[in-house]
Novice: 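My questions will all concern the structure given below.
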Amino acid sequence: MTERRAKRFGRFARRTPACHWLAASIVAGLAVAVASAPVNAQLNTQEEPVESFEIGLSTNRIGITADFNGAQLVVFGALDNADARIQRQQRYDIVVALFGPRAPVVVREKQPVLGIWVNQDSETFDAAPTTYSVASTRPFQDIASKAVRERLSLGIDSVRLSIADGAESEAGQTNRSEFEAALRRIRTNKGLYSEATGEVRFLGPSLFRADLRLPADLPVGVHTARAYLFRQGVLIRQSSQQLTVVKVGFEAWIDRFSEEHGASYGVLAVLLAVFTGWFGRVIFRRD
Amino acid sequence: MFLYLPIAEISVNILVIIGMGAAVGFLSGLFGVGGGFLITPLLIFYNIPPAVAVATGANQVIASSFSGALVHYKRGTVDIKLGTMLLIGGTLGSIAGVALFSLLRSIGQLDLTVSILYVLFLGGIGGLMLTESVKSMIKRRKGGGDGDLRRPGQHNWVHGLPLKMRFPRSRLYVSIIPVIGLGFLIGVLAAIMGVGGGFVMVPAMIYLLRVPTNVVIGTSLYQIVFTAAVTTVLQAATNGTIDVVLAFLLMIGGVFGAQFGAEAGRKLRGDQLRALLALLVLAVGIRLGVELVMPPSEIFSLSAPSGARQ
């Protein structure tokens with residue numbers, strides 16, 4: 001079952017218009033929260049500012065239907081009790097990332113054998129996110145050091161692909177990095193991995209929003225949105241939310257049927273073919 | 001008119017798929033073959049994952065073969081006994097083929113194997129047919145011959161094998177070993193290549209078993225319906241790679257196309273038809289062959305540990 005699940009990682013479908021309603025209502029709700037924020041801020045001015053940091057998604061559930069063709073996920077957030085001086089200098093940085101379900105992936109390399117291109121070496125990455133989209137206030141290298149970026153998976157080049165890093169390497173460390181780069185490159189070219197620097201925008205003193213692009217073949221499962229707040233290059237807060245992606249409608253029904261009752265599905269497919277063949281003969285009977 | 005295919009997991013243009021089915025149906029009506037050997041490569045060119053293309057091809061073949069087999073059954077040109085013997089081999093072949101399919105997929109060599117098999121079979125059979133039909137056309141121009149494939153048979157090594165059985169309808173007395181063996185080979189091909197195997201079966205029955213031409217097509221179609229059916233059920237149960245929506249779109253196109261193909265076929269001579277089919281078979285084979293030797297634009301590929309494409 002899990003293998004079949006893993007096979008199903010490419011998905012096409014569309015976000016319902018209801019999401020926009022949700023988005024709109026969240027904006028309205030946050031706007032109210034923002035209006036009351038300065039009062040709280042003033043109470044705390046004497047002490048070290050304790051920033052509070054929360055995010056909300058424009059929707060917590062995406063249903064994939066027959067004509068889904070990618071979607072935009074809006075992540076709203078509120079940064080309260082911000083130090084006004086640091087904020088004026090734009091030394092607060094925010095990174096918002098959406099991680100698709102993690103799954104093992106095999107990367108294979110073709111090499112010519114007797115003039116024919118044949119799959120030769122392979123490397124397995126045990127926990128690569130199926131999709132990854134990230135938005136930030138500034139380029140990642142300006143926000144945090146390489147070590148921090150790798151620890152938090154900030155940016156396509158830093159997103160973590162395996163839990164036991166290098167443990168399963170068959171071709172040695174140098175080659176593995178080549179396979180790793182290929183995995184990142186292929187998924188980026190397919191639109192599964194995307195990054196958008198400068199796409200986290202402050203709408204007011206404390207309200208911000210991030211626009212994440214979701215690919216057309218969005219995998220079903222639980223996606224996790226994580227947001228990180230950096231103050232002068234130091235990670236001070238993080239917050240996360242979950243997004244569930246499910247298939248809905250006829251496609252979901254067929255997919256589930258094929259997965260759970262493979263043999264009956266096959267028998268029905270045969271009967272459908274026999275019926276179509278017979279019916280075609282009936283319509284065009286000549287002899 | 002885009003539609004998301006639930007198993008292939010790709011959004012396709014409905015009209016393109018129906019058109020593809022119609023084009024192949026036209027050719028299969030014209031030449032009297034199932035068309036599986038054309039549909040699977042076409043689907044692969046259209047970016048359908050090869051595993052799904054192969055399995056769905058087998059499903060599609062049932063519709064066109066059943067349609068054809070019905071006609072032959074009414075005309076009495078199906079040798080049920082011979083077909084059933086072929087079928088026993090075919091079922092065993094399907095089981096072996098589906099297992100082999102899963103194995104190749106898990107070691108990442110399925111696509112390569114499918115391509116190589118296609119190149120070998122299409123190239124070989126296309127080449128033989130082209131030579132034969134051109135010879136026949138030349139002979140005809142010189143005044144002799146009627147463009148028929150059948151030649152009076154001397155006995156060959158096949159007729160020396162034990163376990164003989166009588167097939168009255170085909171007027172044959174032959175060992176069941178090559179019959180079951182041929183069925184087995186077709187079953188394996190059906191599972192791995194997504195073909196009914198008509199393009200291998202028909203020449204083999206004529207040249208190897210010396211079955212009379214008039215019962216060859218009907219019997220082969222009868223056998224293919226069942227082999228493809230077994231393959232479809234096994235593929236669905238083992239690999240879950242049958243896309244019934246895709247198969248249905250192809251069938252609709254195929255059923256329509258086949259009628260016009262049969263119409264057109266009546267206007268062409270046998271040797272011309274065979275030469276055309278040979279050219280078509282060769283073209284598909286060459287196209288796939290070129291892909292094997294051309295350096296790919298991306299030498300890396302991703303798959304799930306089960307072998308499913310990503």
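So you know, we letter chains A, B, ... as the sequences are listed, proteins then strands, and number each from 1.
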Novice: I'd like to check the ring-ring contact (aromatic ring centres under 6.0 Å, His included) partners of A/Phe140; sequence neighbours left out, ordered by chain and number.
Specialist: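 Not a single residue meets the ring-ring contact (aromatic ring centres under 6.0 Å, His included) criterion with A/Phe140.
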Novice: Regarding A/Lys110 and B/Glu298, does a basic nitrogen lie under 4.0 Å from an acidic carboxylate oxygen?
Specialist: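 So A/Lys110 does not pair with B/Glu298 through a salt bridge.
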Novice: Say whether, by atom type as modelled, one donor and one acceptor occur between the side chain of A/Tyr265 and the main chain of B/Ile242 under 3.5 angstrom.
Specialist: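 At least one qualifying donor-acceptor pair exists.
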Novice: For chain B, which residues from residues 268-275 of chain A have at least one heavy atom closer than 4.5 Å to it?
Specialist: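 The residues closer than 4.5 Å to chain B, in numerical order, are A/Ala269, A/Val270, A/Leu272, A/Ala273, A/Val274.
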Novice: With a 4.5 angstrom heavy-atom cut-off, is it the side chain or the backbone of B/Phe66 that approaches chain A, or both, or neither?
Specialist: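 The side chain, not the backbone.
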Novice: Quick one: are B/Val293 and A/Trp117 in side-chain contact, heavy atoms under 4.5 Å?
Specialist: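 Counting from C-beta outward, B/Val293 and A/Trp117 never come under 4.5 Å.
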Novice: Sort out for me which of B/Leu234, B/Thr56, B/Asp243, B/Ile107 touches chain A most, counting heavy-atom pairs under 4.5 Å.
Specialist: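 Option with the greatest count: B/Ile107.
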Novice: Would you check, one step at a time, whether the test side-chain contact (heavy atoms from CB on, under 4.5 Å) holds for B/Leu302 with A/Leu183?
Specialist: CA-CA 7 Å; B/Leu302 308 184; A/Leu183 172 55; 3.5 Å; yes
Novice: Does the side chain of A/Asn119 reach to within under 4.5 Å of the side chain of B/Gln109, using non-hydrogen atoms?
Specialist: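 The answer is yes, as the side chains (C-beta and beyond) meet within the 4.5 Å cut-off.
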Novice: Going by the rule ring-ring contact (aromatic ring centres under 6.0 Å, His included), which residues pair with A/Phe99 if we only count those two or more places apart in sequence or in a different chain?
Specialist: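 By the ring-ring contact (aromatic ring centres under 6.0 Å, His included) rule, A/Phe99 matches A/Tyr132.
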Novice: Just to verify, what does B/Tyr118 make a ring-ring contact (aromatic ring centres under 6.0 Å, His included) with, not counting sequence neighbours?
Specialist: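 B/Tyr118 satisfies ring-ring contact (aromatic ring centres under 6.0 Å, His included) with no other residue.
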Novice: Measure the CD1-CG distance between B/Ile299 and A/Asp121 for me, rounded to the nearest 0.5 Å.
Specialist: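 With rounding to 0.5 Å, CD1 (B/Ile299) is 10.0 Å from CG (A/Asp121).
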